[in-house]
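A short worksheet on the structure shown next.
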There are 2 protein chains.
Amino acid sequence: MAQLSDSIEQFIKELMSDDAHIELRRNELAQHFGCAPSQINYVLATRFSVDHGYIIESRRGGGGYVRIVRMQNRGEKNFLETLLERVGTSIDEDTANAIISNLYERKMVTRNEALLLKAGVARNALALPVTAKDVLRAAVFRNMLIQVFRNIEEGKRDDV
Amino acid sequence: MAQLSDSIEQFIKELMSDDAHIELRRNELAQHFGCAPSQINYVLATRFSVDHGYIIESRRGGGGYVRIVRMQNRGEKNFLETLLERVGTSIDEDTANAIISNLYERKMVTRNEALLLKAGVARNALALPVTAKDVLRAAVFRNMLIQVFRNIEEGKRDDV
DNA sequence: TGCTATAATAGTCAAAGAAGGTCAAAAGAA
DNA sequence: TTCTTTTGACCTTCTTTGACTATTATAGCA
């Protein structure tokens, strides 16, 4: 049943289309969807986080607004470093998934590859205490991320 | 006779009819049959497992669902089953790599996907005693293998 | 002009609601 | 008995709402 949050996410993405950023009124949007204003914050937090490749700016008071900015493509080399730093030595599944979705939106991986990456970091694969899971997931994920960039870099040789 | 589980199994199969996959609400279905929700899980586990040719996906929370995907052709189903059996609960890196190369040779995964899979099971990702590594690798690998087949089956939906 | 009160926004956080998952014990069949 | 099925208690995840808080612009007043 196409969750409210999903609809709002879609709506915002359509609004953005090709633009690198849009501005909206939190209350208006909430009214449009007949929901609590804080629902908008929830959507922003869960679907437009930095890990998803967006930056949120806002301003309160009269004439207030919420601006959603799609982060620019950095140089790939730099980007990998940033991602690895973000992953660090421990990462939870949601954050990892956000990063993967971002890679897909930037067309750096195909849909199938994205799903493969998600399968690799899924919590259900790891029968361990949560903390250990996060540590292990980070290790596996780092490896896969590096491979993603390697794939992008070379994409030519045919020996596997 | 006609066990409850059998009825539920039939019901689901009729629901699917020609579709390669359906989505349902666990609680609704349970209510329809006047049984405990976990009964549905039992049916899924015993009649819609991978070795029966199905793959289950699900999501919790508001708007949650259970999706049942049927693998189209028998060959694929048996192959996945064989692979999962081969992987078992513990596998070393070389064996995993051999399986991946085989998938690539059969053109079931692209070169990039194969490399991604290898990255996911690489020993350097797992900072653990060897035995534990193998066990963990098996878990992650199983997950990824199932995803490979899922990709082959559906390759259409666009939600990542 | 400078200050202040008010209205107009947005943010935070915790609690409630809405699913599905797990596991072990009880019940039933073979 | 032994294997399969069924149930229920408890767990985890994701969403939605609402009360309370914070910030900003502006109109009115001294």
Side-chain angles (χ1 to χ4, degrees), chain A residues 1-12 22-52 55-69 92-98 101 118 121-131 133-134 137, chain B residues 1-12 22-49 52 55-69 139 143 159:
Chain A
M1 174 135 9
Q3 270 333 95
L4 218 204
S5 289
D6 295 334
S7 311
I8 297 175
E9 176 189 0
Q10 269 318 110
F11 185 80
I12 292 177
I22 52 162
E23 245 174 50
L24 44 86
R25 299 310 194 82
R26 187 183 76 149
N27 287 345
E28 263 180 26
L29 192 54
Q31 198 149 37
H32 181 259
F33 281 98
C35 65
S38 54
Q39 175 76 35
I40 306 302
N41 297 78
Y42 175 73
V43 174
L44 295 178
T46 56
R47 277 105 157 142
F48 294 89
S49 68
V50 169
D51 292 318
H52 282 96
I55 293 174
I56 306 298
E57 296 165 37
S58 68
R59 188 164 188 169
R60 312 185 190 193
Y65 61 84
V66 172
R67 183 178 4 232
I68 304 173
V69 184
D92 64 64
E93 187 176 358
D94 286 345
T95 306
N97 280 338
S101 295
K118 289 193 179 186
V121 300
R123 81 190 113 228
N124 74 308
L126 316 171
L128 293 167
V130 181
T131 338
K133 270 187 208 199
D134 288 353
R137 174 179 298 116
Chain B
M1 216 116 7
Q3 299 283 256
L4 216 205
S5 289
D6 295 332
S7 312
I8 296 175
E9 177 188 359
Q10 276 318 303
F11 185 80
I12 292 177
I22 53 162
E23 238 175 67
L24 45 85
R25 300 309 194 86
R26 188 183 75 149
N27 287 343
E28 264 180 24
L29 193 54
Q31 198 150 37
H32 182 260
F33 282 97
C35 65
S38 54
Q39 175 75 35
I40 306 302
N41 297 76
Y42 177 72
V43 174
L44 294 178
T46 57
R47 276 103 157 149
F48 294 89
S49 62
H52 283 90
I55 294 174
I56 307 297
E57 299 167 58
S58 68
R59 184 171 166 180
R60 312 186 189 191
Y65 60 81
V66 173
R67 180 167 18 224
I68 305 173
V69 182
N143 239 32
D159 53 301

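No experiment lies behind these values; they were computed from the predicted model shown. Chain identifiers are assigned alphabetically (A, B, ...) following the order of the sequence lines, protein sequences preceding nucleic acid strands; residue numbering begins at 1 within each chain.
Within the structure, every side-chain polar atom (N or O) of A:Gln3 is placed at least 4.0 Å from both OP1 and OP2 of D:dT15. Contact annotation: B:Ser38 side-chain N/O to C:dC23 OP1/OP2 distance is not under 4.0 Å. Dashed line: the shortest gap from a side-chain N or O of B:Asn41 to OP1 or OP2 of C:dG21 is under 4.0 Å.
B:Arg67 contributes no side-chain N or O that, together with a main-chain N or O of B:Ile56, makes up a donor-acceptor pair within less than 3.5 Å.
For C:dG11, its base sits under 3.5 Å from the side chain of A:Arg26 at one donor and acceptor pair at least.
Atoms CG (B:Leu4) and P (D:dG8) sit 12 Å apart, rounded to a whole Å. Rounded to whole Å, the distance from CG on A:Leu29 to C1' on C:dA10 is 13 Å. Atom pair A:Glu57:CD and C:dG11:P shows a separation of 12 Å (rounding to whole Å applied).
If you check C:dG21, C:dT9, D:dT16 against the side chain of A:Asn27, the one that comes closest is C:dT9. Each of D:dT17, D:dA25, C:dG11 was ranked by its minimum atom distance to the side chain of A:Arg59; first place goes to D:dA25. Out of C:dA10, D:dT7, C:dG21, the shortest distance to the side chain of A:Arg25 is found at C:dA10. Side-chain proximity of B:Tyr42 to the nucleotides D:dT4, D:dT16, D:dT7 is greatest for D:dT4.
Mapped onto DNA chain D by nearest heavy atom, A:Asp94 and B:Ile8 fall at different nucleotides, with B:Ile8 at the one closer to the 5' end. Along DNA chain D, the nucleotide nearest B:Arg60 and the nucleotide nearest B:Arg47 are compared for position; the residue whose nucleotide lies closer to the 5' end is B:Arg47.
Counted within 6.0 Å of CD on A:Gln31, heavy atoms from surrounding residues, nucleotides or ligands total 12 or fewer; the atom is thus considered open. By the neighbour-count criterion of 12 heavy atoms within 6.0 Å, atom NE2 of A:His32 is sparsely surrounded, having that number or fewer from other residues, nucleotides or ligands.
For A:Gln3 against B:Gly63, the heavy-atom pair with the smallest separation is OE1-CA, 2.8 Å.
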Report task. Kindly determine whether A:Leu24 and A:Ile68 satisfy side chain to side chain contact (heavy atoms under 4.5 Å, CB included), including the steps that lead there. Result -> CA-CA 8 Å; A:Leu24 44 86; A:Ile68 304 173; 4.1 Å; yes
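Among the heavy atoms of the strands lying under 4.0 Å from A:Gly64 are primed sugar atoms or P, OP1, OP2 only; no base atom is included.
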